[in-house]
A.B. asks: 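Here it is, the structure, as structure tokens.
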Amino acid sequence: RDVAYLVTTGLTLLYWLTPLIYEIERIPYPYRTVWRCNPLCGILTGLRGAVMLGEWPSLLGWAGIVIPTLLVFAVGWLTFRYYERLVLDYV
């Protein structure tokens, strides 16, 4: 039951730390590195560049999209596999 509060709080922080309306360049340099750790940051930066400016992400930009996405997928998949039997007992 407590995990729901942690997930809700984490998703709220992730939402507010995602550069959806503002550009990543508006963030001061020391904090920009922390913002780039957000898995949605690379996706939204690449999407904004493609839609607004008509330019594809660079290789570093693609790495910022693919690597966090694969890490989040792997953690979610491993967590599901670990708790799969326990969850099926309650459903």
A.B. asks: What closest approach, in Å, do Ile65 and Gly42 show between heavy atoms, and which atom pair accounts for it?
C.D. replies: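 Heavy atoms only, the tightest pair is CG1-O, 3.3 Å.
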A.B. asks: Report the hydrophobic cluster partners of Leu71, with the cluster defined as I, L, V, M, F, W, Y residues connected by side-chain heavy atoms closer than 4.5 angstrom, directly or transitively.
C.D. replies: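 Cluster partners of Leu71: Ile67.
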A.B. asks: Would you say Leu11 and Val3 are hydrophobically clustered, going by side-chain heavy atoms of ILVMFWY under 4.5 Å?
C.D. replies: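 Yes; tracing contacts between hydrophobic side chains, which count when under 4.5 Å, links both residues.
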A.B. asks: Closest heavy-atom contact between Glu25 and Arg32?
C.D. replies: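 Where Glu25 meets Arg32 most closely, the heavy atoms are O-NH2, 3.3 Å.
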A.B. asks: Tell me every residue that passes side chain to side chain contact (heavy atoms under 4.5 Å, CB included) with Pro28, counting only those two or more places apart in sequence or in another chain.
C.D. replies: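 Listed in chain order: Pro30, Tyr31.
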A.B. asks: Members other than Leu47 in its cluster, when Ile, Leu, Val, Met, Phe, Trp, Tyr link by side-chain heavy atoms under 4.5 Å?
C.D. replies: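 Leu47 shares its hydrophobic cluster with Val51.
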A.B. asks: Around atom CG of Leu60, are there more than 12 heavy atoms of other residues, nucleotides or ligands at under 6.0 Å?
C.D. replies: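 No, CG of Leu60 has 12 or fewer neighbouring heavy atoms, counting only those of other groups under 6.0 Å.
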A.B. asks: Enter the distance from Tyr5:OH to Thr8:OG1 here, rounded to the nearest 0.5 Å.
C.D. replies: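 Rounded to the nearest 0.5 Å, the OH-OG1 separation comes to 8.5 Å.
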A.B. asks: Taking ILVMFWY side chains as joined if any heavy atoms are under 4.5 angstrom apart, and letting links pass through other members, which residues group with Leu59?
C.D. replies: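 Cluster partners of Leu59: none, it stands alone.
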A.B. asks: Determine which pairs satisfy side chain to side chain donor-acceptor pair (under 3.5 Å) with at least one residue from residues 63-82, sequence neighbours left out, and list them in order.
C.D. replies: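 Those involving residues 63-82 are Arg81-Glu84.
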A.B. asks: May I ask whether Trp56 and Ile43 are part of the same hydrophobic cluster, defined by side-chain heavy atoms of I, L, V, M, F, W, Y residues being less than 4.5 angstrom apart, directly or through others?
C.D. replies: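 Yes, because Trp56 and Ile43 connect within a single hydrophobic cluster, where side-chain heavy atoms sit under 4.5 Å apart.
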A.B. asks: Provide the closest heavy-atom pair for Pro57 versus Gly46 in the form atom of the first, atom of the second, distance.
C.D. replies: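 Where Pro57 meets Gly46 most closely, the heavy atoms are CG-CA, 4.0 Å.
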A.B. asks: Output every pair passing salt bridge (charged side-chain N to carboxylate O under 4.0 Å, His left out) with a member in residues 38-50, not counting sequence neighbours, ordered by first then second residue.
C.D. replies: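 Listed once each, the pairs would be none.
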A.B. asks: What closest approach, in Å, do Pro68 and Ala63 show between heavy atoms, and which atom pair accounts for it?
C.D. replies: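 Here Pro68 and Ala63 meet closest at CD-O, 3.5 Å.
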